[in-house]
Amino acid sequence: MPSLTFQVLDVSYEVRGGKPRIILWARTEDDRRAVIFYDDFRPYFYVLPNPGEDLGQLASMIKRLSLPKSPVLSIEEVGKKYIGRPVKALKVTTLVPAYVREYREEVSKLHGVDEVLEADIPFALRFMLDFNLYPLRWYKATVEEERVPPGYQVDKAYRLVSRPEEDPAFVNIDPLKGLRVMAFDIEVYNTLRSPDPRRDPVIMIGLWSYPGEDEPLIMEAEGKNDRRLIERFVEEVKKRDPDIIVGYNQNRFDWPYLTARAKIHGIKLAVARRPGVEPSPGLYGHISVSGRLNVDLFDFAEEIREVKVKSLEEIADYLGVMPKEKRVLLEWWQIGEYWDDPSKRPLLRKYLIDDILSTMGLAWKFLPFGAQLSQVSGLPLDQVVAASVGFRLEWRLMREAVKLGELIPNRVERGEESYTGAIVLKPKPGLHENVAVLDFASMYPNIMVKYNVGPDTIVRPGEPYKPEDVYEAPEVGHKFRKEPPGFFKKILERFLSWRRMIRKQMKNVDPDSPEYRLLDERQKAIKLLANASYGYMGWPSARWYCRECAEAVTAWGRTIIRYAIQTARRLGLEVYYGDTDSLFVQYDPGRVEELIRRIEEELGFEIKLEKVYRRVFFTEAKKRYAGLTSDGKIDLVGFEAVRGDWSELAKETQARVAEVVLKTGSVEEAVKHVREVISRLKKGDFDVKELTIWKTLTRPPSRYEARQPHVTAALIMMRHGIRVEPGMKIGYVIVKGSGPLYTRAKPYFLAKKEEIDVEYYIDKQVVPAALRILGYFGVTEKRLKGGGQASLLDFLGKTRGGR
DNA sequence: GCCTGGTCTCTACCC
DNA sequence: ACGGGTAGAGACCAGGCG
């Protein structure tokens, strides 16, 4: 029988004739698209009996529950481990995946059943778990060719005969190489309010395929009739037959909108590779397009902290994919107008083209990392991108559990129990020269490995132990058995050594080569998962939740950082600041080197010289500082200048103040700059956008206890027929008037320049932001705002501050 | 009824 | 929809005062 080498793209299943069939979506070595069917996989779950229960009797009770449409096919007694303990369980196999939920409910009720386990794992993923298949990796398997079933958009169809084995030849080959990527975006008609699919048509759709196309294809509706447009969209997608579809926010907007419009026209949005299948909601708010990987790039953008308003334009600008000044910029409410006006329509077209180019540009920034995340976590690309960090790690943990013969715990509702976290030192306020920043490398994962922390190694109350056989966490007293190595330790050790190996390989590869990029993205993906493990244990919804474990980790962390502080002081190094796993000390190269050596030797934890500040400035506040690095870069941490909920003008002013003070030491010049900004404001020489304040709406407006400006603005938007949803950033300005602030907020796009309350921006934005830094040097509000000379008091204040 | 200070609510940040 | 620690603005509210 022939052997096939293929790359796994995705897995789904269908039920035919009352039986499930696994559909493995793949690409073959000779670049064909293929489905590989597997008919012999069956859904199952485990039943964990109460201690001393008669398994045979339990089995016959379960058999009696057998459902006609999905009978119990077999019940098998198996030896497993559950949170590290050996257990006997029943493996119950049935026929139709959708009925497993029903079995879970009924079996849980049976007398003698402690828990029903692994009944909540989606069938297709269950197959990947059991067959140890990782998406985007390459495998070899024996297959038999079949006729491609009608309607399937693939070149080949096979039946899986042998268990696939990973092909090591492909390990360091870019998994995306040769895959067809299509970017798309739609424009929807509107009239100064949010579009409604019952009323507003789709007017333009753009798509662009790589490889193969030099430029995007732009399609337009006929007037306000989008029927033909949507039909053409489906045809054009099929023609391009992409493996990966990328868009920006398409899971929440484009797909639902297109689906709704198609439904109105009675058209099927049949863009999938399977006949008659439309895009449909999947896990984690993601939209699944069967046979293709639908990747919403917005999910990556969410993790870019530096960009606060995460629109496509802003993200593409930040990443240098499409500079704002080089593109057509339109606001969403202008789309209808630009469509109706024939002279403006070409600009709308260009706007869409720029969006498509930006989207494709972002794809090449993000997909390589996404592909590694998929290869490492084991979740298909489209899902891993949509999933949060906790779930990404959890899928990998589930895979490890299957390999180790461990039963996967259920996801259970738990109340929140908080515990003590890390230490943050009080900073030494002022301007300091030559300060070294030392960082413990992956402190929490290393604590977990060193002390064998985990839910399976912890000594529970009442359990016997010998003191010499356990590690005891300081302060909290939780104990962990030294042997055998626990679940987390095993996985983390593998992650850490895997990452070490990759970093070693990287040293022998040209930094500009594709292989280097691949390795770098892979080590980042591994690091992400490793670093998530501590937070994961403290997450009440985690399957492997263990509050005491998380608590023990932070306790060890506190002890370690205290020890490091003490060691630094003993060496005569002044400690300026520290947070969790970092220390800011006076930079004396010899003694810093000695400090590093001692910490590593005496504690067994690696600490690194992360950077050296030529100058660094602290106020009294923790978690805020400004530093000037040796290469002339300014780091601003925690200050208003890096927060999204301050006006751009206040942020810029503060950043400039920090820069002047750090680079020149001239408070004078910084004051001058602030005064210029204030006079510019008073003259009316400003733009509404630089005064806009953005805040996230975290819940529906009615669910707020306290009134707030951004909620007011959101309510005004709603009155104008603009949909606002939790998670949205609301941009508002403060306008003139009396009464509390929240009564004077207005959405920025409805506000006229003349109504802006300039006084508010001076008193509550620019001045406080500037004073946060200048205040330390004795500068007063009066001096920043005053019309005349600096007073004697200001002068005295300044010299006092400059000590 | 108005002012004041303490507390609560909310958001966004740091690591 | 991974954790705790933290800053800061403004709303909210009780108590003092006249």
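A note on names: the letters A, B, ... follow the listed sequences, proteins ahead of strands, and every chain is numbered from 1.
Atom CZ in A:Arg643 sits roughly 12 Å away from atom P in C:dG10 (whole-Å rounding). The interatomic distance linking A:Leu771 (CG) with C:dG8 (C1') rounds to 14 Å, in whole Å. Between A:Arg699 atom CZ and C:dA1 atom P the separation is 12 Å, expressed in whole Å. One atom, CD1 of A:Ile693, and another, C1' of C:dG8, lie 14 Å apart when rounded to the nearest Å. The CD atom of A:Glu705 sits 15 Å away from the P atom of C:dA11 (whole-angstrom rounding). Counting to the nearest Å, the P atom of C:dA7 and the CD atom of A:Gln654 are 16 Å from each other. Rounded to an integer number of Å, the gap from A:Trp646 CH2 to C:dA7 C1' is 11 Å. Rounded to whole Å, the distance from CZ on A:Arg414 to C1' on C:dG3 is 15 Å.
Donor-acceptor pairing under 3.5 Å is recorded for the side chains of A:Arg522 and A:Gln375. Between A:Lys611 and A:Thr629, the side chains place no donor N or O within less than 3.5 Å of an acceptor N or O (distance only, hydrogens not considered). No side-chain donor from either of A:His286 and A:Asp296 sits under 3.5 Å from a side-chain acceptor of the other. The closest side-chain donor-acceptor pair between A:Asp635 and A:Tyr625, if any, does not fall under 3.5 angstrom.
Contacts of A:Tyr545 with the nucleic acid, taken as non-hydrogen atoms under 4.0 Å apart, are absent. Using a 4.0 Å heavy-atom criterion, one finds that A:Tyr419 contacts the sugar-phosphate atoms exclusively. Residue contacts for A:Tyr704: at a heavy-atom cut-off of 4.0 Å it reaches the sugar-phosphate backbone alone, with no base atom in range. No engagement by A:Arg392 is indicated, since no non-hydrogen atom pair under 4.0 Å with the nucleic acid exists. Within 4.0 Å (heavy atoms only), A:Ser533 reaches no atom of the nucleic acid at all. Residue A:Arg624 is classed as a sugar-phosphate contact, given heavy-atom separations below 4.0 Å to backbone atoms only.
Looking at heavy atoms from C-beta onward, A:Tyr732 lies out of side-chain contact with A:Pro747 at the 4.5 angstrom threshold.
Evaluated for a ring-ring contact (aromatic ring centres under 6.0 Å, His included) with A:Tyr577, the options A:Phe617, A:Tyr613, A:Phe584 yield exactly one hit, A:Phe584.
In this structure, of C:dC2, C:dG5, C:dA11, it is C:dG5 that holds the atom nearest to the side chain of A:Val424. Comparing C:dA9, C:dT6, C:dG10 against the side chain of A:Lys623 picks out C:dT6 as the nearest. When each of C:dA1, C:dG8, C:dT6 is scored by its nearest atom to the side-chain atoms of A:Ala621, the top-ranked nucleotide is C:dG8.
Relative orientation of the A:Tyr451 and A:Phe605 rings is tilted, given thresholds of 30° and 60° on the angle between their planes. The aromatic rings of A:Tyr534 and A:Tyr419 sit perpendicular to each other, their planes meeting at more than 60°, with 30° as the lower class boundary.
Listed pair A:Ser418 / C:dG4 fails the phosphate criterion, with no side-chain N or O lying under 4.0 Å from OP1 or OP2.
Interface residues of residues 446-454 of chain A facing DNA chain C, ordered by number: none; criterion, heavy-atom separation under 4.0 Å.
Aromatic pair A:Tyr545/A:Tyr536: centroids not less than 6.0 angstrom apart.
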For A:Lys736 and A:Glu755, run salt bridge (charged side-chain N to carboxylate O under 4.0 Å, His left out): C-alpha distance rounded to whole Å, both residues' side-chain angles, the deciding distance at 0.1 Å, then the answer.
CA-CA 6 Å; A:Lys736 288 175 195 151; A:Glu755 32 174 2; over 6 Å; no
Test side chain to side chain contact (heavy atoms under 4.5 Å, CB included) applied to A:Glu640 and A:Gln765, step by step
CA-CA 9 Å; A:Glu640 286 75 8; A:Gln765 290 275 318; over 6 Å; no
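The span of DNA chain B lying next to chain A, judged by atoms under 4.0 Å from heavy atoms, is bounded 5' to 3' by B:dT9 to B:dC15.
Using a cutoff of 4.0 Å between basic side-chain nitrogens and carboxylate oxygens, A:Glu400 and A:Arg396 are scored as salt-bridged.
In the helix from B:dG1-C:dC17 to B:dC15-C:dG3, the terminal helix axes, each the rotation mapping four pairs' C1' atoms onto the next four within five end pairs, subtend 10°, rounded to 10°.
Residue A:Glu306 qualifies as enclosed at atom CD: its count of foreign heavy atoms under 6.0 Å is above 12.
Along DNA chain C, the nucleotide closest to A:Glu640 and the one closest to A:Thr580 are compared, and the more 5′ of them pairs with A:Thr580.
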